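Since the structure is predicted, the reported quantities are computational estimates derived from the model, not experimental observations.
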Amino acid sequence: MHLPHSTLKQEFVKKWIMGLQRCKFSNKNMNIFERKKAIKLSADTAMASARKGLTCWSRALISNPDRPVPTTTRRVSSACKKIVKRSRRIRRTAKCGAARKGQITRSIAQCLVRKRTQILKSLIPGGEFMNEVCLIEETLDYITSLRVQVDVMRSLASASVRASEPHN
């Protein structure tokens, strides 16, 4: 299921260049946000096709490329805060007893896992249709693929900066 990092990078670059060539960036009427969206869409599609449909997330991206991929953790942060507040409330209202404390702790842990699993399912393309084991495997693969995207984009950005610097 996993390609070597360098092979995945090469495949991604090849597919991304082809995707960027298909986009018409020469359009003078394109504003910065439209260009950003087109670049991100072509990068996501290139990464998904570089995985050759071997993963659920890549098939989900290919079948629905316009799916908004979350770019902020604001929702995640607010969900975590709600969970912490709820756990504090439960602790305050609970009557002390060793068995009762164990049940409450287990209940809080199960609630945290359930909430975080739902959040993770919303972050991974196609995640809402995965069981927990598959979700973890797909998440690891998706993170690796995003890392490849970031590495390639950083390399391009630094090469662009070097090319624009005056030569001595």
Side-chain angles (χ1 to χ4, degrees), residues 1-83 112-168:
M1 184 163 150
H2 298 286
L3 286 174
H5 197 71
S6 60
T7 306
L8 184 59
K9 228 182 231 190
Q10 290 169 349
E11 193 68 23
F12 167 68
V13 169
K14 184 170 63 173
K15 304 252 183 207
W16 193 32
I17 289 171
M18 286 174 25
L20 289 172
Q21 287 171 342
R22 287 187 193 129
C23 292
K24 301 296 183 211
F25 289 110
S26 59
N27 183 354
K28 302 280 189 227
N29 297 329
M30 233 180 171
N31 67 33
I32 190 78
F33 298 109
E34 291 169 332
R35 286 176 191 250
K36 176 186 167 193
K37 185 178 177 182
I39 290 169
K40 179 66 177 145
L41 179 62
S42 65
D44 286 344
T45 305
M47 185 51 67
S49 63
R51 296 299 293 132
K52 297 178 173 68
L54 296 174
T55 59
C56 294
W57 69 261
S58 64
R59 289 190 299 271
L61 271 179
I62 290 169
S63 68
N64 189 7
D66 292 327
R67 172 194 181 271
V69 177
T71 56
T72 158
T73 57
R74 218 176 303 142
R75 193 176 71 194
V76 174
S77 174
S78 67
C80 289
K81 287 178 185 175
K82 286 179 187 176
I83 292 169
L112 281 169
V113 169
R114 203 174 315 115
K115 293 279 185 184
R116 289 183 178 165
T117 300
Q118 284 306 114
I119 291 168
L120 191 56
K121 283 184 175 192
S122 72
L123 293 172
I124 304 301
E128 57 274 6
F129 305 111
M130 297 177 202
N131 65 32
E132 286 76 14
V133 174
C134 184
L135 181 66
I136 297 298
E137 291 172 356
E138 292 284 326
T139 300
L140 292 172
D141 190 76
Y142 187 58
I143 289 170
T144 301
S145 298
L146 290 174
R147 181 64 184 191
V148 166
Q149 259 190 15
V150 168
D151 290 348
V152 168
M153 289 179 178
R154 277 190 181 146
S155 297
L156 285 174
S158 64
S160 174
V161 167
R162 282 194 305 271
S164 66
E165 289 176 346
H167 298 288
N168 290 331

Could you measure the distance from the CG atom of Leu61 to the CG atom of Asp44? Nearest 0.5 Å is fine. 5.5 Å
Partners meeting side chain to side chain contact (heavy atoms under 4.5 Å, CB included) with Ala46 (sequence neighbours left out): Phe12, Lys15, Trp16
Show the nearest heavy-atom pair for residues Ala48 and Ile62, with the distance to one decimal. CB-CG1, 3.6 Å
Give a yes or no answer on whether the side chain of Ser160 reaches the backbone of Leu156 with a donor-acceptor pair at less than 3.5 Å. no
Less than 4.0 Å between a side-chain N and a carboxylate O, is that true for Glu165 and Arg162? no
Atom CG in Leu8, atom CG in Asp141: separation rounded to 0.5 Å? 8.0 Å
Does any part of the side chain of Glu128, heavy atoms only, come nearer than 4.5 Å to the side chain of Ser122, both counted from C-beta? no
Just checking, any donor-acceptor pair under 3.5 angstrom between side chains of Thr45 and Ser42? no
Euclidean distance, Leu120 CG relative to Glu138 CD, rounded to 0.5 Å: 11.0 Å
Tell me whether Arg51 contacts the main-chain N or O of Ser58 through its side chain, where contact means a donor paired with an acceptor under 3.5 Å. no
Side chain to side chain contact (heavy atoms under 4.5 Å, CB included) partners for Thr117, two or more places apart: Val113, Lys121, Glu132, Leu135
Identify the heavy atoms of Ala43 and Gln149 that sit nearest to each other, and give their distance. O-NE2, 3.0 Å
One thing to verify: whether Lys52 and Glu11 come together as a salt bridge, which I'm taking to mean a side-chain N less than 4.0 angstrom from a carboxylate O. yes
Can you give me the closest heavy-atom contact between Asn131 and Val133, atom names plus distance? OD1-N, 3.2 Å
Are the side chain of Glu137 and the backbone of Cys134 linked by a donor-acceptor contact shorter than 3.5 Å? no
Heavy-atom closest contact (Met130 atom, Cys56 atom, distance): CE-CB, 3.5 Å
Which atom names give the shortest non-hydrogen contact between Trp57 and Ile124, and what distance separates them? CB-CG2, 4.0 Å
